[in-house]
Protein chains: 2
Amino acid sequence: MTPARSRRPGAPSRTERGIPEATVARLPVYLRALTALSDSGTATASSEDLATAAGVNSAKLRKDLSYLGSYGTRGVGYDVEYLRYQIAREIGVTQDWSVVIVGIGNLGHALANYSGFGTRGFRIVALLDADPALIGARVGEMVVRDFAELDEIVATEDVAIGVITTPAGPAQEVCDRLVAAGVTSILNFAPVVLSVPAGVDIRKVDLSIELQILAYHEQRKSGEAALTEVPELPVINGLPKVDDLPTKRGVGA
Amino acid sequence: MTPARSRRPGAPSRTERGIPEATVARLPVYLRALTALSDSGTATASSEDLATAAGVNSAKLRKDLSYLGSYGTRGVGYDVEYLRYQIAREIGVTQDWSVVIVGIGNLGHALANYSGFGTRGFRIVALLDADPALIGARVGEMVVRDFAELDEIVATEDVAIGVITTPAGPAQEVCDRLVAAGVTSILNFAPVVLSVPAGVDIRKVDLSIELQILAYHEQRKSGEAALTEVPELPVINGLPKVDDLPTKRGVGA
DNA sequence: TAGATTGTTAATCGATTAACAATC
DNA sequence: TAGATTGTTAATCGATTAACAATC
């Protein structure tokens, strides 16, 4: 049980085979780049080629790949098919994961029809909703089922991943039911912070937050000159009513 | 032009009023938490209250807020309405931003109907597609318009933000056209790395990447015992054909 | 004043990057 | 061998966190 590769005594305290989070988040990007290279008939690629395809710099890519092992050949580069397989195995998408989608509104509908899942290691096994008007409706090749069937579906289909596409209101309740049914990874599209017990992973995709981050930078581009003219933020310690405050910044010249 | 707040000589080299990226990404989360508190009639909140609502720890929240200014009162907390306004102003969502969505498939359709945008500082001014079969179709209150009208719409509506919901294929071309029309912030849902010139901000939302990150961690949960039994990665330097490799890991006991 | 809570400091941790020895 | 490129080191940078002085 000694590690195959030597490690300094004071090396990063990652658990055996553990990989830094930032690296984990990039592995799927590398996987996609490798698939594209493979599709275009490229057999071998250097870290520079790969990095360009993935939109990162080559030092970062090599460092990331070094956590997986030594899959390249010095002086040559990486065998595209071989590296692709190794990354897919590391991520865990050489097997298929069963996924349920809960909340079949516009977004749930869109995800159900998204063809990208099937080809990338995921299989949507059920579309669930609690609305009787939706249950039984067809979406692509699937039929919307009653959320009440959750426990049974999770058990029989061995579902590990749940996707929440409900409105904010019922999201925590849905989340709790998913966890109770045995789901241990959740992708949340509802605009709310969900709490889950330890051992359950949750990731959040939030459209309006992404737009707000863009808006922050946009504001600093278009209004740069005007902004420096705006007086420093007033330090008002008497906590004024917000009604007294302007509702729009005066950015005009 | 001297800063109103003193700063150590060797302080972080952020530009005037610049805020760390990690903090910028959390401001919208705080804004939403404040809105929720406001809606529930809370007038004042401590950093602890706010941190709980936002799902972060209170030290991080206070540090984040300190980049904006001193908007709290020691011994008391933060005035919810006042802080909400200050954060909204900092992000830039006290004004409305015009947005175009390009690619009105399932996802574009879902985003067009997403009510969260209008209430959060964004106004969808056009749904665009190049498919003649879609042009003129109604989506909610809007009508899909020809992508060829992009330049005119961007100019007349002062569009700064574009959302790409096309398939991967046309995404770079759409991106280039958006940039050429004057759009300087792009939210990309297409599963492809886009290149943009300096000065254009791009953010990416990728559903299958999010699922793959979950899968990575999931694999390490369910297969933990089994995984330690799997032999160390073989270090094969002869770059074998992937056909020779197993297509599924044997994780079974 | 006593109690509460902010805003800031400083230590720690994790991520990025350039450089280069190892080696194909 | 000479040229190319990996894998790793070490420096730097940025983010997180606990602790606490400042102060309401």
Please report the distance, rounded to the nearest Å, between [atom1] in [X] and [atom2] in [N].
{"X": "B/D49", "N": "C/dA4", "atom1": "CG", "atom2": "C1'", "answer": "12 Å"}
{"X": "A/Y78", "N": "C/dC24", "atom1": "OH", "atom2": "P", "answer": "14 Å"}
{"X": "B/I19", "N": "D/dA15", "atom1": "CD1", "atom2": "P", "answer": "12 Å"}
{"X": "A/Y67", "N": "C/dG14", "atom1": "OH", "atom2": "P", "answer": "11 Å"}
{"X": "B/E21", "N": "D/dT16", "atom1": "CD", "atom2": "C1'", "answer": "16 Å"}
{"X": "A/E48", "N": "C/dA18", "atom1": "CD", "atom2": "C1'", "answer": "13 Å"}
{"X": "A/L65", "N": "D/dT5", "atom1": "CG", "atom2": "P", "answer": "16 Å"}

### Message
Under a 3.5 Å distance rule, please check whether A/Q172 uses its side chain to pair with a backbone N or O of A/S195 as donor and acceptor.
### Response
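At least one qualifying donor-acceptor pair exists.
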
#### Entry: Flag, side chain of B/R32 to backbone of B/P28, donor-acceptor distance under 3.5 Å
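Checked: no pair found.
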
### Message
Strictly below 4.0 Å: does B/S47 bring a side-chain N or O up to OP1 or OP2 of C/dT6?
### Response
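B/S47 to C/dT6 OP1/OP2: side-chain N or O found under 4.0 Å.
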
### Task
Look at B/T73 and D/dC24 and indicate whether a side-chain polar atom (N or O) is within less than 4.0 Å of OP1 or OP2.
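Negative; the distance criterion is not met.
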
### Query
Can a salt bridge be assigned to the pair A/K221 and B/D201 using a cut-off of 4.0 Å between side-chain N and carboxylate O?
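Salt bridge flag = yes for B/D201 with A/K221.
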
### Query
Is the base of D/dT6 touched by the side chain of A/R74 through a donor-acceptor pair closer than 3.5 angstrom?
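Answer is yes: a donor-acceptor pair is held.
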
#### Entry: Per B/P20 side chain, nearest of listed nucleotides D/dG7, D/dA15, D/dT5
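Looking only at side-chain atoms, B/P20 lies closest to D/dA15.
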
### Query
Under a 4.0 Å heavy-atom cut-off, which of residues 55-64 of chain B touch DNA chain C?
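Residues of residues 55-64 of chain B that come under 4.0 Å of DNA chain C are, in numerical order, B/R62, B/K63.
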
### Task
Could you please spell out the steps behind the salt bridge (charged side-chain N to carboxylate O under 4.0 Å, His left out) verdict for A/R26 and A/E21?
CA-CA 9 Å; A/R26 283 187 294 264; A/E21 261 313 298; over 6 Å; no

### Task
Answer with yes or no after comparing the ring centroid distance for A/Y71 and A/Y82 against a 6.0 Å cut-off, counting only values under it.
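A/Y71 vs A/Y82: aromatic centres under 6.0 Å.
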
### Task
Grab the stems for DNA chain C, please: at least three consecutive Watson-Crick or wobble pairs, both distances below 3.5 Å, written as range with range.
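The stems that DNA chain C takes part in, listed by first number, are C:3-24 with D:3-24.
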
### Query
With no hydrogens and no angle check, do the side chains of A/D79 and A/T44 hold a donor and an acceptor under 3.5 Å apart?
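There is no such pair (donor and acceptor under 3.5 Å, judged by atom type) between the side chains of A/D79 and A/T44.
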
#### Entry: Between B/S47 and B/R62, a side-chain donor and acceptor under 3.5 Å
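Per modelled atom types, B/S47 and B/R62 side chains form a pair under 3.5 Å.
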
### Of A/T23 and A/G75, the one whose closest DNA chain C nucleotide lies more 5'
A/T23

### Message
B/D49: which residues meet the salt bridge (Lys or Arg N to Asp or Glu O under 4.0 Å) condition with it, sequence neighbours left out?
### Response
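Checked B/D49 against salt bridge (Lys or Arg N to Asp or Glu O under 4.0 Å); zero matches.
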
#### Entry: Audit row: A/L211, B/L187, side-chain contact (heavy atoms from CB on, under 4.5 Å) steps and yes/no
CA-CA 7 Å; A/L211 283 182; B/L187 182 56; 3.8 Å; yes

